[in-house]
Amino acid sequence: MNTLLARLEKLPLLDRIFDVSITLKGLDGVLEVIGGVLLLFLTPSRLNAIVEFLTQHELSQDPKDFIATHLLFYAQRYTATTALFLAFYLFSHGIIKIIIVVALLQQRLWAYPLAIVVLGLFIVYQIYRLALQVSFGLLALTLFDIFIVGLTVLEYRKHRARVATAS
């Protein structure tokens, strides 16, 4: 961690912002992989029991609590097929992010266009999901991904120019 901080201190501000943003994206990927693996072991009945336990107190005080009622609603519709899809989606999404982030932090030139394309595809899918149902969390994630794509384009141009002048 100290070596990462030392490296960040020597970089211009934009490079530091890029490295921090990419690192956050990598941590998000790690959490997605963990979540995907955990979903493989979460049966619908187990999820219902967990959600009922977590919302029981709140619903006893306010039976119409927005968050608690929606959590129960979605937990009751959670099936083994849904679990398998979500596990696969989170696991594959997370692995892709981790690979790209590691390559970007190693400044591999091929990783920049790959990151732009992959994040662009994620953004298109997220916008599609937002069109179906507005979610502030998904909106924030989409805006963060757009920000990262912009930074990645700038970093790619800089690294490509550096390689061109070295030739």
Side-chain angles (χ1 to χ4, degrees), residues 1-5 8 16-106 108 111-152:
M1 188 67 169
N2 288 337
T3 58
L4 176 64
L5 292 176
L8 289 175
R16 282 189 267 171
I17 292 171
F18 177 75
D19 282 353
V20 168
S21 299
I22 290 300
T23 301
L24 289 174
K25 189 53 81 177
L27 291 174
D28 178 46
V30 169
L31 292 175
E32 285 181 347
V33 168
I34 293 168
V37 170
L38 290 177
L39 280 176
L40 291 174
F41 301 103
L42 187 63
T43 64
S45 60
R46 193 174 298 160
L47 176 68
N48 273 318
I50 291 169
V51 171
E52 285 176 12
F53 174 76
L54 293 174
T55 59
Q56 184 178 29
H57 177 71
E58 187 60 38
L59 289 173
S60 68
Q61 293 179 347
D62 180 9
K64 294 181 182 183
D65 181 271
F66 180 81
I67 294 174
T69 56
H70 278 80
L71 282 173
L72 280 174
F73 175 81
Y74 289 116
Q76 291 166 352
R77 278 144 188 82
Y78 183 76
T79 64
T81 305
T82 304
L84 193 57
F85 171 78
L86 288 174
F88 173 76
Y89 176 81
L90 286 174
F91 186 79
S92 61
H93 202 252
I95 290 294
I96 291 167
K97 283 182 187 178
I98 292 168
I99 291 168
I100 290 172
V101 165
V102 168
L104 286 173
L105 290 174
Q106 293 175 346
R108 307 277 185 198
Y112 293 90
L114 180 64
I116 293 164
V117 169
V118 169
L119 285 176
L121 291 172
F122 288 163
I123 290 166
V124 168
Y125 178 72
Q126 290 163 194
I127 290 171
Y128 164 74
R129 296 293 304 166
L130 283 167
L132 296 176
Q133 182 177 1
V134 176
S135 160
F136 292 109
L138 187 56
L139 178 61
L141 177 65
T142 304
L143 293 174
F144 183 63
D145 284 348
I146 291 168
F147 175 72
I148 288 178
V149 167
L151 288 175
T152 305

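Residue numbers run from 1 in the order of the sequence given.
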Evaluate whether atom CG of Leu132 has more than 12 neighbouring non-hydrogen atoms of other residues, nucleotides or ligands under 6.0 angstrom away. yes
Report the distance from atom CG of Leu71 to atom CZ of Phe73, rounding to the nearest 0.5 Å. 12.0 Å
Compare every heavy atom of Ala75 with every heavy atom of Val51, then report the nearest pair and how far apart it is. CG2-CB, 3.8 Å
Scan residues 72-90 for pairs that pass side chain to side chain donor-acceptor pair (under 3.5 Å), counting only residues two or more places apart or in two chains. Thr79-Thr82
In this structure, CD1 of Ile67 is separated from CG of Leu72 (nearest 0.5 Å) by 12.5 Å
Are the side chains of Leu84 and Leu40 in contact, using a 4.5 Å heavy-atom criterion? yes
Between Ile148 and Leu119 the two heavy atoms that sit nearest each other are CG2-CD1, 3.6 Å
What is the minimum heavy-atom distance between Ile95 and Val33, and which atoms define it? N-CG2, 3.7 Å
Just how far is it from atom CD1 of Ile100 to atom CD1 of Ile22, taken to the nearest 0.5 Å? 9.0 Å
Go through the structure and list residues passing side-chain contact (heavy atoms from CB on, under 4.5 Å) with Thr69, not counting sequence neighbours. Leu59
Note, Leu42 side chain near Ile50 side chain (heavy atom, < 4.5 Å): yes
Closest heavy-atom pair and its distance - Gly36, Ala87: O-CB, 3.3 Å
Test: ring pair (Phe, Tyr, Trp, His ring centres under 6.0 Å). Region: residues 119-140. Which pairs qualify, not counting sequence neighbours? His93-Phe122
Starting at CG of Leu38, measure out to CG of Leu86 and round the result to the nearest 0.5 Å. 13.0 Å
Looking at Leu104 and Ala115, what are the two nearest heavy atoms and their distance? CD1-CB, 3.8 Å
What distance do Leu138 atom CG and Leu143 atom CG have between them, rounded to the nearest 0.5 Å? 9.5 Å
So, for Leu151 and Ser21, which heavy atoms are closest and what is the spacing to 0.1 Å? CD1-OG, 3.9 Å
I need the Asp28 CG to Leu141 CG distance, nearest 0.5 Å. 6.5 Å
Residue pair Leu105 / Asp19, side-chain heavy-atom distance below 4.5 Å: yes
Can you confirm whether Gln133 is buried at CD, in the sense that more than 12 heavy atoms of other residues, nucleotides or ligands lie under 6.0 Å from that atom? no
Please list all pairs meeting salt bridge (Lys or Arg N to Asp or Glu O under 4.0 Å) that have one or both residues in residues 139-152, counting only residues at least two apart or in different chains. Lys25-Asp145
Ring pair (Phe, Tyr, Trp, His ring centres under 6.0 Å): pairs with one or both residues in residues 45-68, sequence neighbours excluded: Phe66-His70
So salt bridge (Lys or Arg N to Asp or Glu O under 4.0 Å) across residues 29-53, not counting sequence neighbours, yields Glu32-Lys97
